Peer 1: 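Before I ask anything, here is the structure I am working with.
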Amino acid sequence: MGVMLSVKNLDVYYGSIHAIKNISFEVQEGEIVTLIGANGAGKTTTLHSISGLVKPKSGEITFCGSNLMAIEPHKIIRLGLAQVPEGRRIFAKMTVQENLEMGAYIRNDGGTIEKDYERIFERLPRLKERRRQIAGTLSGGEQQMLAIGRALMCNPKMLLLDEPSMGLSPLLVGEIFEIIQDVNKTGMTVLLVEQNAKKALEIANHAYVLETGSIAMEGEADELANNEKVRKAYLGG
Ligand code: ATP
C-alpha cells in the first residue's frame with residue numbers, strides 16, 4: 001500500500017477570491033479518506049482541482065505517479081480517477097442501463113460491458129431490478145446509487161464522491177454509506193467530500209477538516225470524531 005493521490009500546497013483562486021489556501025493531503029491506496037467542512041469551505045473546489053475542472057494557481061497533484069496538473073480532464077478519467085458529482089448529474093431521460101453504458105464509454109481495455117453490468121448489479125441489486133426504468137423517475141437514493149454505479153463502470157482505481165448524502169433522508173444516507181463501504185472493501189480507494197461529518201467519520205480511515213479554504217485539522221477518523229473541537233463544530237456537540 002502506498003500513496004495513491006497526493007495534493008501538495010494547492011492554491012486556487014476565483015478571480016480575487018482565494019478559495020483554497022495552501023492545502024496538502026494524501027490518500028493511501030485502499031483507504032477511505034474524507035474531506036469534511038461547512039458550506040463554502042472549498043470541498044467541491046478541491047475535487048474539481050483534482051479532476052481538472054478547475055485550474056489551480058499553484059501546487060502539485062499527483063495520482064499514481066502522474067502529474068494531474070499537466071493532464072486534460074478527459075485523460076484524467078482514463079488514469080482511473082472517477083468522479084461522482086454533487087447533485088448526481090444522471091441523465092434523467094435515459095434508462096438506468098443507458099446511464100451505466102455512458103459510464104463505460106471511456107473504457108478502452110477491450111473488456112465486455114456485459115461483465116461490468118454484472119459486477120455493478122451484484123453490488124447494487126436495486127439498479128438491476130430497475131435497469132429499464134427512466135432514471136429521472138428513480139428516488140433520490142436510487143439516483144445516487146446510479147451515479148455511483150456509473151462511475152464504477154469505467155473500472156476506476158479511485159472514486160471521488162462529492163456529497164453523496166445531499167438531499168437524502170437519514171435512512172437513505174445510511175444505505176448509500178454502506179454501499180460506499182462495501183465498494184471500498186472490494187479494494188476501491190475513495191476520497192469522500194461531505195458536509196455530513198458524522199456519517200463520513202464513521203466510515204473513513206483518515207479525515208481532513210476544511211475551513212474557509214484551509215485544512216484546520218487532520219487525523220484518524222475515529223480520533224477526529226472524538227475530538228472536542230470537531231464535536232462542537234461539526235457533530236452537534
Ligand atoms: P458546498 O458544500 O456549498 O458545495 P464547498 O465546500 O464545496 O461548499 P466550494 O464550492 O468549493 O465550497 O466553494 C469555495 C469558495 O469558493 C466559496 O466561497 C465559493 O463562493 C467560491 N466559489 C466557488 N465556485 C466559484 C466560482 N465559480 N466563482 C467564484 N467563486 C466561487
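Small disclaimer: the values here were computed from a predicted structure and weren't measured. Read the numbers this way: they start at 1 and go in the same order the structure lists the ligands and their atoms.
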Peer 1: Can you confirm whether something in the protein, heavy atoms only, sits under 4.0 Å from atom 19 (C) of ligand 1?
Peer 2: no
Peer 1: Is there a side-chain contact between C64 and L79 (heavy atoms, below 4.5 Å)?
Peer 2: no
Peer 1: At a 4.0 Å threshold, what atoms of ligand 1 neighbour a non-hydrogen atom of Q195?
Peer 2: 2 (O)
Peer 1: Work out whether the distance between some heavy atom of G37 and some atom of ligand 1 is less than 4.0 Å.
Peer 2: no
Peer 1: Going by heavy atoms in the side chains, are I215 and L210 under 4.5 Å from each other?
Peer 2: yes
Peer 1: Taking only heavy atoms of A38, which atoms of ligand 1 are found under 4.0 Å from at least one of them?
Peer 2: 6 (O)
Peer 1: With a 4.5 Å cut-off on side-chain heavy atoms, are M145 and E175 touching?
Peer 2: yes
Peer 1: Near A19, which atoms of ligand 1 are under 4.0 Å from a heavy atom of that residue?
Peer 2: 16 (O)
Peer 1: Would you call P56 and I20 a side-chain contact if the rule is heavy atoms closer than 4.5 Å?
Peer 2: no
Peer 1: Of all the non-hydrogen atoms in the protein, which one sits nearest to atom 8 (O) of ligand 1, and at what distance?
Peer 2: G40 N, 2.7 Å
Peer 1: Write out all pairs satisfying ring-ring contact (aromatic ring centres under 6.0 Å, His included) with one or both partners inside residues 180-218, taking only residues at least two apart or from two chains.
Peer 2: F25-Y208, H206-Y208
Peer 1: Among all protein heavy atoms in this structure, tell me which lies nearest to atom 5 (P) of ligand 1, with the distance rounded to 0.1 Å.
Peer 2: K43 N, 3.4 Å
Peer 1: With a 4.5 Å cut-off on side-chain heavy atoms, are L138 and L146 touching?
Peer 2: yes
Peer 1: Return the minimal non-hydrogen interatomic distance between Q144 and V84, and the atom names on each side.
Peer 2: NE2-CG1, 3.5 Å
Peer 1: Identify, by atom number and element, the atoms of ligand 1 in contact range of T44, meaning under 4.0 Å from any of its heavy atoms.
Peer 2: 4 (O), 5 (P), 7 (O), 10 (O), 11 (O)
Peer 1: Which option, V54, T46, N39, owns the non-hydrogen atom nearest atom 1 (P) of ligand 1?
Peer 2: N39
Peer 1: Does a side-chain heavy-atom distance below 4.5 Å link I36 with L224?
Peer 2: no
Peer 1: Using a heavy-atom cut-off of under 4.0 Å, does the side chain or the backbone of H48 touch ligand 1, or both, or neither?
Peer 2: neither
Peer 1: So which heavy atom in the protein is nearest atom 12 (O) of ligand 1, and how far is it from that ligand atom?
Peer 2: G42 N, 3.1 Å
Peer 1: Which heavy atom of the protein is the closest neighbour of atom 23 (C) of ligand 1, given with residue, atom name and distance?
Peer 2: Y14 CE1, 3.3 Å
Peer 1: Heavy-atom contacts with E163 under 4.0 Å: which atoms of ligand 1 show up? List them by number with element.
Peer 2: 2 (O)
Peer 1: Could you list the atoms of ligand 1 found under 4.0 angstrom from a heavy atom of T45?
Peer 2: 9 (P), 11 (O), 13 (O), 14 (C)
Peer 1: With salt bridge (Lys or Arg N to Asp or Glu O under 4.0 Å) as the criterion, how do K199 and E194 come out once you've worked through the C-alpha distance, each side chain's angles and the decisive distance to 0.1 Å?
Peer 2: CA-CA 9 Å; K199 294 302 291 183; E194 258 301 338; over 6 Å; no
